[in-house]
Number of protein chains: 2
Amino acid sequence: MAMKHDIAQRLSQYRSVLYKLKALGFVRVFSDNLGDALEISPALVRKDFSTFSLTGNKRGGYLIMDLLDKLNRLLGKDKVQRIIIVGCGKIGQALMTYSGFTREGLQVVAGFDSNASVISPQASIPIYDVKELKAYVKREGIRIAIMAVPDNAASHTFDLLRAAEIKGVLNFAPVPLKGVEGCVVRNINIGLELENLFYLVRFSGKLPPQPAGRAA
Amino acid sequence: MAMKHDIAQRLSQYRSVLYKLKALGFVRVFSDNLGDALEISPALVRKDFSTFSLTGNKRGGYLIMDLLDKLNRLLGKDKVQRIIIVGCGKIGQALMTYSGFTREGLQVVAGFDSNASVISPQASIPIYDVKELKAYVKREGIRIAIMAVPDNAASHTFDLLRAAEIKGVLNFAPVPLKGVEGCVVRNINIGLELENLFYLVRFSGKLPPQPAGRAA
DNA sequence: GAACTGATGTTATTTCGTTCACAATAACGA
DNA sequence: TCGTTATTGTGAACGAAATAACATCAGTTC
C-alpha cells in the first residue's frame, strides 16, 4: 500500500521551476539544474523523466517548452481544474480567495456550509447550503473538494462527500481521514506539522534520546 | 540527507489516538490497535516504541497513561508551545484563531505584518509591525513561526525570520523554502497538494502512462 | 506451581526509492 | 570528417524504512 505520491509531487515541482526558468528567458535545462532546484540528485530527475517518457537531447539537455507541454498534459493542466470548499469558516473562506490557486490553474467554484449565516448564493464565489452538495457535484462534475470543517464535523462531512461521489479530498480538519476505495484523501494537519517542527528543533542534530542505547 | 521526519510524525499520531482511547475509557492498548489506527503494521508500532524506550508489558500491552506521559515529555507537551504568525492576511488571521491549536497545547502569542492597516497591538492576540519581529522573538524566546505571506514576500520574510534566529518555520507561501543550517523549514503548498490530488484521481489504480513501456 | 497463552522486544529479511556508474549518442570544433 | 566533450538514459548497487519472524517473558488457569 506504498504511496506513489512522491513522484507526482516532484512532477508539479519540476513544472513550477520550469516556469520560472522560462520567465528568465532560458530555453534549455539540464538535469543538474532541476536537481539543484529541488535538492535531489540529477539522476533522479532523469529517472523521473524517463518514467514518464519525457525525453531530452543527449547533449543539449531538455527543452523547457517541450517539458512544460508534456507536464501540463500529464497533470491535466490544459484545462482549468475546478474545486469546491466544504466548510466555510475562517480557513475555508481564506482559501476561497487564496491567490495561489488561480496562478496554478485551480478555480474554487463554490463553497458549502451548514451554518445559515454564511450562506450567500449570490456572491462571486457562491456559498450554498451543504444540503445542495450532492446535486451540485453531480451537475457540475466536480471531482475534488477541500474540507475545512471543525473536527467534530469531519467524519460526517466526509460521508456527505463520499455520497456525492467526490473522487479526492484535501482535508484540513485536525482528524486524519482514512482513504477509501474510490476516494483519495490527503490530510493536512497543521497542528501535527507544528508538533513535528518543535520536535525537529528540539533534537536538531542530536539523535533522539536513547536511540537503542548502543554503549560507547 | 534523508529525513527522519516520519517517525516524529507518527509519535504525534500515536499521542492523538491514545487520547481518544483514553477518553473512551480504555486503560491498556496493544500494538495491533495502534497499527490499525495509523494504518501501519503492529511491528512498526513496537519498533517505534522501542526506539524511544517506551516499554510495555509482555502480555498486557501498553498502559495508555504511561505512554501519554512519556510521549508528552518527548514531544515537549508538558509546557505550552508558543508560536508567532508572520503575515496576517486571510490565511494568517484564520490560523490565529484556529481552534485546533489550543487543543494541542499550541498558543499563537502574536502576529506580525508589514501592512499598517492590520496592525493592532491591543488585540487579544496582538499584531505588531514586522519591524518589531526580531526584538520580540529575542525577548520572548520564540523558536517557531508560521509564515503566511504572499509569494513575492516569501524570500524576504524568511530572511527576517533567520535574522531573528527563529529555529523552525512552517511555510504556507506557495514558494518552497530550502531549509538552512540552524533553521528547519516545513513547506505546506496547498496548490501542490491539490495538483497531486488531481493527478492521483486521474490515475487512481491505473499505472502512470507508459511506465517504461514493458511489453505485454 | 507447572504448563500454556498471548503480547512484547528485537533480529533477520524484504522492499523500495535513490544514487552511482557508465554506455550510448548528439553537438561542437578543428 | 573525425575526434572530443557534455549530457542523457538506464542497469546495478546501495541504504533506509517497513515487514516478517521469532525468542522472551508476564500473566492465567487448572
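In what follows, chains are A, B, ... by sequence order, proteins preceding strands, each numbered from 1.
In this structure, B:Ser12 and A:Leu192 approach most closely via the heavy-atom pair CB-CD1, 3.2 Å.
Comparing C:dA21, D:dG9, C:dT18 by their closest approach to the side chain of A:Tyr62 singles out D:dG9. The side chain of B:Ala43 lies closest to D:dA20, out of D:dA20, C:dT8, D:dA18. When distances run from any side-chain atom of B:Arg10 to the nucleotides C:dT18, D:dA18, C:dA21, the shortest one goes to D:dA18. Listed nucleotides: C:dT19, D:dT19, C:dG9. Nearest to the side chain of A:Ser41: C:dT19. Side chain of B:Arg46, nearest nucleotide from D:dA21, D:dT10, C:dA27: D:dA21. The side chain of A:Thr55 sits closest to D:dG9 out of D:dG9, C:dT19, D:dT8.
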Restricting to nitrogen or oxygen on both sides, can you table the protein-nucleotides 2-6 of chain C pairs closer than 3.5 Å?
residue : atom : partner : partner atom : Å
C:dT5   : O2   : B:Arg59 : NH1          : 2.8
C:dG6   : O4'  : B:Arg59 : NE           : 3.3

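Close to D:dG9, at under 4.0 Å from its OP1 or OP2, lies no side-chain N or O of A:Ser50.
When each of B:Gly61 and A:Glu39 is assigned the nucleotide of DNA chain C with its nearest heavy atom, B:Gly61 is the one assigned upstream, toward the 5' end.
Atom CG in B:Leu54 sits about 12 Å away from atom P in C:dT10, given to the nearest Å. The CD1 atom of B:Ile7 sits 14 Å away from the P atom of D:dA16 (whole-angstrom rounding). Protein atom CG of B:Asp32 is 13 Å distant from nucleotide atom P of D:dT19, rounded to whole Å. As a whole-Å value, the separation of A:Leu63 CG from D:dT8 P is 12 Å. For the pair A:Asp48 CG and D:dG9 C1', the interatomic distance rounds to 13 Å; values are reported in whole Å.
A salt bridge is absent between A:Lys178 and B:Glu39; no separation between the charged side-chain nitrogens and carboxylate oxygens falls under 4.0 Å. Salt-bridge check for B:Lys70 with B:Asp66: passed, with a basic side-chain N closer than 4.0 Å to an acidic carboxylate O.
A:Gly60 comes within contact range of no nucleotide atom at all, as no heavy-atom separation falls under 4.0 Å.
With 3.5 Å as the limit, one finds a donor-acceptor pair spanning the side chains of A:Asn187 and A:Asn171.
Side chains of A:Leu54 and A:Tyr62 form no contact here, defined as non-hydrogen atoms less than 4.5 Å apart.
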